[in-house]
Each structure stands twice: as structure tokens, then as C-alpha cells.
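Right, I'll just put the structure down here and ask away after.
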Amino acid sequence: MNIINKINKLRKEKKAVILAHNYQLPEIQDIADFVGDSLGLSMEAARTDAAMIVFCGVHFMAETAKILSPQKIVLLPDKNAGCPMADMIDAESLKTLQAKHPDAITVCYVNTSAAVKASCDYCCTSANAVKVAQNILLNHKNSEIIFIPDKYLAQYVSSQVKYDFIAWEGFCPTHAKILPDNILQAKKMHPKAKVIAHPECRPTVIALADVVASTEGMSKYIKKSPEREFIIGTEIGIIHRMKKENPEKHFYPVTENIICPTMKQINLEKVLRSLEDLTYEITVPPDIIEKAHLSIERMLQIV
Ligand code: 13P
Ligand code: SF4
């Protein structure tokens, strides 16, 4: 039996669902029951009636699935698949910042640990950060707002809602590799292509983009757009899905080296092992689940 048949047999026997982020390897996207962005994946994790979730993504995403569905078994096929941006802030350092701004509202990007989410008022993803910020500004008129951990996402949202956040100095090392010059070069080579950038990119890159969107937002835009060529300013794994969904359109990575190493740690062998041995089970203490759930629930209420 080949590896895909083995995975299919086991996922059926164990009533497992396989969720994959848009940056996963093509062969992982192809076997997944659902492929999406952070928001879509968390909603799918909450919606599914499967007893077990094999989460092909990074640690904070699997933790978010566990927070939303504590009764389900959530597995991350590689225990070292983390997000370096999420690791740039911990609960202790957040508390120190909050102590300096005791009345501030804290918004955390979903790219944070469960313990950090538990100390925040609102969660957001790249798909809804602007909407969440607008809602907070409407309901907490005179409050300061702390935005963690992505300084570039904070700057992008700030430019959209015209409000200056108290921002953490975190960033995504993969998206930070995209420089304005890369966009200019790509535009020179493909003058008709639309430039699409993820809000984790540097503001100087965002300034050169035609569209700024989450990974799911990018896919939706491309499907609807009458344009035929696109320069993709995010992790190149998503191009697999874009090509599959739009075989008649053309996609150019800004540069070929925009690869998130931890997203690529999961492979078919690890997914099979995960189903065989129930590795690696994500656990979150109940008190953290309760508090972190509140910040995610507030986000889901808004969107
Ligand atoms: P999306 O929610 O847009 O998929 O982004 C997640 C992420 O980690 C991007 O680097
Ligand atoms: Fe984290 Fe960046 Fe990788 Fe996304 S692409 S998981 S933000 S390191």
C-alpha cells in the first residue's frame, strides 16, 4: 500500500480530518480535507464533527484549533513546526508592557501562543485585523490600543484605520525578506501583472502593491479578477493552490526564496506517523483555554 492509501485508510478509521495551511507542501495540500488561511482553518476546526484534527501548519494554529475545540484530539505532525514571529513575544513580556498602559485594550494577531492570547482582549487574523481595529475604535473611543506581535501588520492596520497603536517589535522573518527592489524587478519582468502582498510585508513593499490581503483573500481576489498575471508577495507555497484553482492564469513569486522553513517541516511520512501514533498531541491548560477563547470569540463575533 502506498503512503497516501495508508493515510486515507487511517484517517477513515480514526475519524480524523486533515487541515492544511496555504503554505504547506503541495502533496500535503492535495491530501487535505480543507486548505485555508488562519481564520478559515480555525473556523473549520470549530465546525468539524471529526473526533481528531491532524493540523498541517504551525504550532499556534494547532493551539487555536484546540482552544476552539477542547474536546477534540488535535495533532501537529512535527512538534518543532513553530512560528518565529509568534515566539517573539511571551506572556511575561506582554504583562510588562500592559503594566505600563493599564487601561489599554490589547489586540493580538493569531500568530501568538495560547498563553499570550489568554492575556489579550481581542484576537485578529490578517483577514480581519482592520475590521477588528475599527470595531474597537468604535466601542472604546478613548482607549489606547496595544497591537502585538507584528509591527508591520500593526503599521498596515494603522494606515487603514488612521490610529497609532502601541506596537510590539515583532515581524515575520520570511515576509521581511521581500524588499521593494524585488517588487520593482518583478514588475519590470511582468509589466501586466497585478502585485498582491500579504500585510506581514514591510510597509515599503505594501506601498508598491495593488492588493493587500490574507492568503485566503489573495485566492478569492485572483478567482474573481479578470486579470491573468499576478506577482505573489507571500510564501511561495500558496502558488500551488492558485495554479490548481486558476489553470489559465499565471503566477510569479516575488522571488523564489520566500519560503517559511517551519511550514515546510511537515511531510506525508510525518502525517502518517501522526495518525498511527497520535503524535504530537496539542494540550493547553483549561484556564488558558478559557481566557484565550474569549479573545478569539470576540474576533469571531465581529467577523
Ligand atoms: P494567513 O492567515 O493570511 O494565512 O497568514 C498566516 C501566516 O502565518 C502568514 O505568514
Ligand atoms: Fe510565522 Fe512567517 Fe512562517 Fe507565517 S510565514 S508561520 S508568520 S514565520
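All values derive from a computational prediction rather than experimental measurement. Values below: all heavy atoms of this structure, side chains included; hydrogens, waters and symmetry mates excluded. We count ligands from 1, going down the list as the structure has it; atoms in each ligand are counted the same way.
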Would you mind listing which atoms of ligand 1 come within a distance below 4.0 Å of any non-hydrogen atom of Glu200?
7 (C), 8 (O), 9 (C), 10 (O)

With heavy atoms and a 4.0 Å threshold, my read on which part of Met85 contacts ligand 1 is neither

Below a 4.0 angstrom heavy-atom separation, can you tell me which part of Thr215, side chain or backbone, both or neither, approaches ligand 1?
both

Interatomic distance, CG@Asn135 vs CD1@Ile302, rounded to 0.5 Å, equals 3.5 Å

Does Asn22 reach ligand 1 with a nitrogen or oxygen that is under 3.5 Å from one of the ligand's nitrogen or oxygen atoms?
no

Of the protein N/O/S atoms, how many lie under 2.8 Å from atom 3 (Fe) of ligand 2
1

For ligand 1, is any non-hydrogen atom under 4.0 Å from Val58's backbone (N, CA, C, O), its side chain (CB onward), both, or neither?
neither

Check for me whether Cys172 has a heavy atom closer than 4.0 Å to any atom of ligand 1.
no

Applying a 4.0 Å heavy-atom criterion (strictly less than), which segment of Ser214 is in contact with ligand 1: side chain, backbone, both, or neither?
both

Parallel, tilted or perpendicular for Phe251 and Phe230, by the 30°/60° rule?
parallel

Yes or no: does Met218 have any heavy atom under 4.0 Å from an atom of ligand 1?
no

With atoms numbered from 1 as shown, which atoms in ligand 1 lie under 4.0 angstrom from a non-hydrogen atom of His198?
1 (P), 3 (O), 5 (O), 9 (C)

Step-by-step salt bridge (Lys or Arg N to Asp or Glu O under 4.0 Å) determination, Arg241 to Glu216
CA-CA 10 Å; Arg241 175 176 168 192; Glu216 193 62 31; 2.9 Å; yes

Ligand-residue contact atoms, ligand 2 with Asn111, heavy atoms, under 4.0 Å
7 (S)

Hey, is Arg47 close enough to Glu44 for a salt bridge, meaning N to O under 4.0 Å?
yes

Give a yes/no verdict on whether any heavy atom in His175 is under 4.0 Å from an atom of ligand 1.
yes

Main chain of Glu227, side chain of Lys194: is a donor-acceptor contact present, judged purely on distance under 3.5 Å?
no

Worked verdict on Glu235 versus Lys264 for salt bridge (Lys or Arg N to Asp or Glu O under 4.0 Å)
CA-CA 11 Å; Glu235 215 271 0; Lys264 302 299 194 238; 3.0 Å; yes

Ligand 1 N/O within reach of Glu216 N/O, cut-off under 3.5 Å:
no

Is the Tyr252 ring parallel, tilted or perpendicular to the His190 ring (thresholds 30°, 60°)?
parallel

A side-chain contact here means heavy atoms from C-beta on lying under 4.5 Å apart; do Cys124 and Phe147 qualify?
yes

Ignoring hydrogens, just give me the one of Leu39, Asn111, Thr262 whose non-hydrogen atom is nearest atom 8 (O) of ligand 1.
Asn111

Using a strict 4.0 Å cut-off to heavy atoms of Glu200, name the atoms of ligand 2 that fall inside it.
2 (Fe), 7 (S)

Are any non-hydrogen side-chain atoms of Pro84 and Thr262 less than 4.5 angstrom apart?
yes

With a 4.0 Å cut-off on heavy atoms, does His21 reach ligand 1?
yes

